[in-house]
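Treat the numbers as computed from the prediction; the structure is a model and nothing was measured. Chain letters run A, B, ... following the sequence lines, proteins first, then strands; residues in each count from 1.
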Number of protein chains: 2
Amino acid sequence: MSLREKKVAKRKKDLLMSAIAIIGEKGYHSTTMEEIASKLLMTKGSIYYYFKDKQDLVYQSQKILLEQSNENIEEVLSEDLPYDEKLKKVMVVHIEYLITEQSGFVMGTNPEQFFSGKQLETILMLRDRYGNYIKQLIAEGVKEGVFTEVDEKIVRNIILGAMNWVVTWYSPNGPMDKTTLAKSISNYLLKIVLK
Amino acid sequence: MSLREKKVAKRKKDLLMSAIAIIGEKGYHSTTMEEIASKLLMTKGSIYYYFKDKQDLVYQSQKILLEQSNENIEEVLSEDLPYDEKLKKVMVVHIEYLITEQSGFVMGTNPEQFFSGKQLETILMLRDRYGNYIKQLIAEGVKEGVFTEVDEKIVRNIILGAMNWVVTWYSPNGPMDKTTLAKSISNYLLKIVLK
DNA sequence: CAATTTTTTGAACATATATTCAAAAATAAA
DNA sequence: TTTATTTTTGAATATATGTTCAAAAAATTG
């Protein structure tokens, strides 16, 4: 990749990150192209040099978040750990990533509201993949006798909800740093599946 | 109240309910005055006979939801039940109400995004009140030895998150009716606080 | 039924913001 | 330095939707 191409790639990524941050804070509709641009000292017109339109920018930003989430969980799943510790680590990583990116967005609402067609398909596929990893992990833990019998789908959704909700109440000024908080939440949630 | 006043009151309530339903589905910004009105076979102009503006209508609709939630929980809290059963009933009622109204809205995002000033104050107050009831209930259960020692705030937020998340995945076509589902979720969540 | 009051309508208006685009500026190449 | 290419700008445009309002319709009253 030439220097120029790298610069363009960086600019794109900067815009995606800016979009993620502002959408995480204000939501899709309240986030204007002007805000996304001005965070990088650009004007909104420039965005259209890098992205087709707002929809395209938002879609790509959300896709990145989900892809990264999937990579995160795949990394943890590949580790050689007992089921309880593995599930706990999955949760800690999820919560930490959520807090870091302040990305309560795609995860936090029905994507049907924002996407359609091929875009929606991709987003749903990525979400499903993520959800299935957790469901699978629970099911295996049950099968191996580490976890108690549970409805994996319901418990999976309980866990996802409790975790994703964090973005609505976490404050960096609170008494716990994000890792301590993530561990604490994970411990409580683990009690649902432990025997 | 005269017949006419009753009619006006009913029309207002119909509009609030229409707003709640559509906002629950599409979110604040994607919900248009036209949609809210057309659901009642009216035109958007008429809304302004009953409400000052969109902000006013939305604020009042969300206030109603929170007030009703508080009434629901107050009713349950006043019953004479053991702490574990009481907490469980609180959860079941919450989830059932959520599903019935499809109201993942105020509960589901930071109200700072939509309200300010006196309106925001009221919304936050109502939310706090609700959250405090649950925190209190947990604290009492711990004090009386029915529940295990936990950080009441964190556990409260875990429970709220898991419950509120339901609106994102519940489907009326699923295998469980809403009461069965609510009971199931509540049982799992109860395990967090039980000894 | 006629007169009065309430309610609804739908077109006109206001506003916010996404998008376009020709020109300018910045950067790279020759 | 000159020329060519890439990137940014900012004003103009398009569009969607909230809001207003005078007139029409409906409901109520006497």
Side-chain angles (χ1 to χ4, degrees), chain A residues 1-62 105 112-117 119, chain B residues 1-62 105 112-117 119:
Chain A
M1 207 191 281
S2 74
L3 180 73
R4 166 150 276 149
E5 284 171 318
K6 275 185 196 161
K7 269 195 171 176
V8 167
K10 184 185 182 306
R11 214 93 173 103
K12 270 193 187 179
K13 190 165 185 183
D14 286 347
L15 282 167
L16 290 170
M17 290 305 153
S18 174
I20 286 171
I22 301 177
I23 288 170
E25 184 192 343
K26 309 198 165 185
Y28 183 154
H29 288 285
S30 303
T31 298
T32 68
M33 297 298 265
E34 200 145 8
E35 281 174 302
I36 294 170
S38 77
K39 192 167 185 171
L40 304 173
L41 307 178
M42 302 169 90
T43 57
K44 58 182 174 178
S46 318
I47 297 179
Y48 293 84
Y49 183 73
Y50 297 97
F51 296 93
K52 187 175 155 289
D53 52 25
K54 185 181 181 182
Q55 185 65 25
D56 180 36
L57 171 60
V58 170
Y59 164 68
Q60 290 199 43
S61 74
Q62 300 307 309
F105 177 57
E112 290 83 359
Q113 196 174 309
F114 305 102
F115 306 113
S116 64
Q119 289 188 346
Chain B
M1 208 190 279
S2 74
L3 180 73
R4 168 149 273 151
E5 284 171 319
K6 275 185 196 161
K7 269 194 173 178
V8 168
K10 182 184 183 308
R11 216 94 172 102
K12 270 193 185 178
K13 190 165 185 184
D14 286 346
L15 283 167
L16 291 170
M17 289 305 152
S18 175
I20 286 171
I22 302 176
I23 288 170
E25 185 192 343
K26 308 199 166 184
Y28 183 155
H29 288 286
S30 303
T31 298
T32 68
M33 296 298 265
E34 202 146 5
E35 279 174 303
I36 294 170
S38 78
K39 191 165 186 175
L40 304 173
L41 306 178
M42 302 168 90
T43 57
K44 59 182 175 180
S46 318
I47 296 179
Y48 293 84
Y49 183 73
Y50 298 96
F51 296 93
K52 186 174 157 289
D53 52 25
K54 186 181 181 183
Q55 184 65 26
D56 180 37
L57 172 61
V58 170
Y59 165 68
Q60 290 199 44
S61 75
Q62 300 307 310
F105 176 56
E112 290 82 359
Q113 197 174 309
F114 305 102
F115 306 112
S116 63
Q119 289 186 346

**Prompt:** So A/K44 and A/E35, salt bridge (charged side-chain N to carboxylate O under 4.0 Å, His left out) or not? Walk me through it.
**Reply:** CA-CA 8 Å; A/K44 58 182 174 178; A/E35 281 174 302; over 6 Å; no

**Request:** Scan A/S30 against the nucleic acid and name what it touches under 4.0 Å (heavy atoms): base, sugar-phosphate only, or nothing.
**Result:**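 A/S30: no heavy atom of the nucleic acid under 4.0 Å.
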
**Message:** Do A/F115 and A/Q62 make a side-chain contact, defined as non-hydrogen atoms from C-beta onward lying under 4.5 Å apart?
**Reply:**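 A/F115 vs A/Q62: side chains touch.
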
**Prompt:** Any side-chain heavy atom of A/Q60 within less than 4.5 Å of one from A/K12?
**Reply:**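 The answer is no; the side chains never approach within 4.5 Å.
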
[X] [atom1] - [N] [atom2] separation (whole Å):
X: A/E34; N: C/dA18; atom1: CD; atom2: P; result: 8 Å
X: A/I36; N: C/dA18; atom1: CD1; atom2: C1'; result: 11 Å
X: B/M33; N: C/dA14; atom1: CE; atom2: C1'; result: 15 Å
X: B/Q55; N: D/dT19; atom1: CD; atom2: P; result: 9 Å
X: A/L15; N: D/dT7; atom1: CG; atom2: C1'; result: 13 Å
X: A/E35; N: C/dA16; atom1: CD; atom2: P; result: 14 Å
X: A/D53; N: C/dT17; atom1: CG; atom2: C1'; result: 14 Å
X: B/H29; N: D/dT15; atom1: NE2; atom2: P; result: 22 Å

Set out, line by line, the N/O atom pairs under 3.5 Å between protein and nucleotides 4-8 of chain C.
unit_1: C/dT6; atom_1: O3'; unit_2: B/R4; atom_2: NE; d: 3.1
unit_1: C/dT7; atom_1: OP2; unit_2: B/Y49; atom_2: OH; d: 2.1
unit_1: C/dT7; atom_1: O5'; unit_2: B/Y49; atom_2: OH; d: 3.4
unit_1: C/dT8; atom_1: OP1; unit_2: B/R11; atom_2: NE; d: 2.9
unit_1: C/dT8; atom_1: OP1; unit_2: B/R11; atom_2: NH2; d: 3.3
unit_1: C/dT8; atom_1: OP2; unit_2: B/Y50; atom_2: OH; d: 2.7

**Message:** Looking at every non-hydrogen atom in both residues, tell me the closest pair between A/T31 and A/G27 and how far apart they are.
**Reply:**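 Answer, listing the atom of A/T31 first, then A/G27: OG1-O, 2.7 Å.
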
**Asked** Taking all non-hydrogen atoms of both residues, which atom of A/M42 and which atom of A/L15 are closest, and how far apart?
**Response**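 For A/M42 versus A/L15, the nearest heavy atoms are SD-CD2, 4.1 Å.
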
**Message:** Less than 4.0 angstrom between a side-chain N/O of A/Y48 and OP1 or OP2 of C/dT19, yes or no?
**Reply:**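 Yes.
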
**Message:** Within this structure, what is the CG-CG distance for the pair B/L57 and B/D53, rounded to the nearest 0.5 Å?
**Reply:**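 Result: 9.0 Å between the selected atoms.
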
**Request:** Could you tell me whether the side chains of B/Q55 and B/Q119 share a donor-acceptor contact shorter than 3.5 Å?
**Result:**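 Their side chains do contain a donor-acceptor pair, which is all the 3.5 Å distance test asks for.
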
**Residue met sooner reading DNA chain C from 5', once A/G45 and B/K44 are mapped to nucleotides** =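 Checking each residue's closest nucleotide, the 5'-ward one belongs to B/K44.
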
